[in-house]
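See below for the structure under consideration.
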Amino acid sequence: MNIEIENLKQNSLTEVKTYYRPILDPFTLPIVKRSSQAYSIFLEIWDRDYISYFEQCYLLMLNAQSRVLAYRNVSNGGITGTLIDVRIVYQTALLCNATSIIIAHNHPSGRLEPSNNDLLITKKLASAGEILNIEFSDHLIISPNRYYSLSDNGLI
């Protein structure tokens with residue numbers, strides 16, 4: 001039995017290595033302490049050609065000093081919805097050593113009120129963040145000229 005395990009280790013298992021190597025000086029990264037600051041950053045990274053065309057979701061990962069470590073597009077959808085996978089969101093946050101996250105998605109219609117699905121994914125993301133000890137700081141619904149913060153409105 002020990003021989004089988006030894007062969008298994010040598011021939012058919014893949015070792016996963018995890019590391020984090022930031023490329024920027026953390027003290028030069030933008031700070032996000034308010035939803036308006038997050039909205040400004042999301043507008044900088046969003047492709048304006050798509051903000052009124054189809055739904056997308058972006059993620060900001062922050063360190064303990066509320067500095068933005070990185071961003072990632074986590075979902076592209078259709079005209080009336082996009083699927084946000086909680087596992088992809090937190091996998092990305094964990095790989096960046098984030099201590100908090102903020103997500104934003106757009107409503108191509110320009111209507112910023114959260115849907116039932118928006119509230120459900122917000123609840124799932126907040127619950128997962130509690131388990132992983134990564135603060136889910138905010139969920140913004142954005143358009144080119146305005147935004148809605150679920151945190152500012154007491155929904156997180």
With the 4.5 Å side-chain cut-off for hydrophobic clustering, are [X] and [Y] part of the same group?
{"X": "Leu94", "Y": "Leu125", "value": "yes"}
{"X": "Leu132", "Y": "Val89", "value": "yes"}
{"X": "Met61", "Y": "Val32", "value": "no"}
{"X": "Tyr71", "Y": "Val74", "value": "no"}

Minimum heavy-atom separation for [X] to [Y], with atom names?
{"X": "His107", "Y": "Arg111", "result": "ND1-O, 2.7 Å"}
{"X": "Ser137", "Y": "Ile156", "result": "O-CD1, 4.3 Å"}
{"X": "Asn145", "Y": "Tyr39", "result": "C-OH, 3.2 Å"}
{"X": "Asp118", "Y": "Pro114", "result": "OD2-CA, 3.5 Å"}
{"X": "Trp46", "Y": "Gln56", "result": "NE1-OE1, 3.1 Å"}
{"X": "Ser143", "Y": "Leu43", "result": "O-CD2, 4.0 Å"}

Take a 6.0 Å sphere around CG of Leu119 and say whether it holds more than 12 heavy atoms from other residues, nucleotides or ligands.
yes
Is it true that atom CG of Asn133 has more than 12 heavy atoms of other residues, nucleotides or ligands lying nearer than 6.0 Å?
no
Would you find a donor on one side and an acceptor on the other, under 3.5 Å apart, between the side chain of [X] and the backbone of [Y]?
{"X": "Tyr53", "Y": "Gly78", "value": "no"}
{"X": "Arg67", "Y": "Leu29", "value": "yes"}
{"X": "Arg146", "Y": "Gly110", "value": "yes"}
{"X": "Glu130", "Y": "Ser127", "value": "no"}
{"X": "Gln37", "Y": "Lys33", "value": "yes"}

Is a donor from one side chain sitting under 3.5 angstrom from an acceptor on the other, for [X] and [Y]?
{"X": "Glu55", "Y": "Asn106", "value": "no"}
{"X": "Thr28", "Y": "Asp25", "value": "no"}
{"X": "Asp138", "Y": "Ser35", "value": "no"}

Checking side chain to side chain contact (heavy atoms under 4.5 Å, CB included) against [X], which of [options] comes through?
{"X": "Ser75", "options": "Ile103, Thr82, Leu59", "answer": "Thr82"}
{"X": "Ile142", "options": "Tyr58, Tyr147, Tyr148", "answer": "Tyr147"}
{"X": "His139", "options": "Ile101, Ile121, Leu155", "answer": "Ile121"}
{"X": "Leu62", "options": "Ile102, Ile31, Leu69", "answer": "Ile102"}

If you round to the nearest 0.5 Å, how far is [atom2] of [Y] from [atom1] of [X]?
{"X": "Ile41", "Y": "Ile45", "atom1": "CD1", "atom2": "CD1", "value": "8.0 Å"}
{"X": "Phe136", "Y": "Lys123", "atom1": "CZ", "atom2": "NZ", "value": "13.5 Å"}
{"X": "Cys96", "Y": "Asn63", "atom1": "SG", "atom2": "CG", "value": "11.0 Å"}

Mind running side-chain contact (heavy atoms from CB on, under 4.5 Å) on His105 and Ile141 for me, showing each step along the way?
CA-CA 5 Å; His105 81 281; Ile141 302 171; 3.5 Å; yes
What verdict does the side-chain contact (heavy atoms from CB on, under 4.5 Å) test give for Ile134 and Thr99, after you've listed the backbone C-alpha separation in whole Å, the side-chain angles of each residue and the deciding distance to 0.1 Å?
CA-CA 5 Å; Ile134 297 174; Thr99 59; 6.0 Å; no
Measure the acute angle between the ring planes of Phe54 and Tyr50, then classify it against the limits of 30° and 60° as parallel, tilted or perpendicular.
tilted
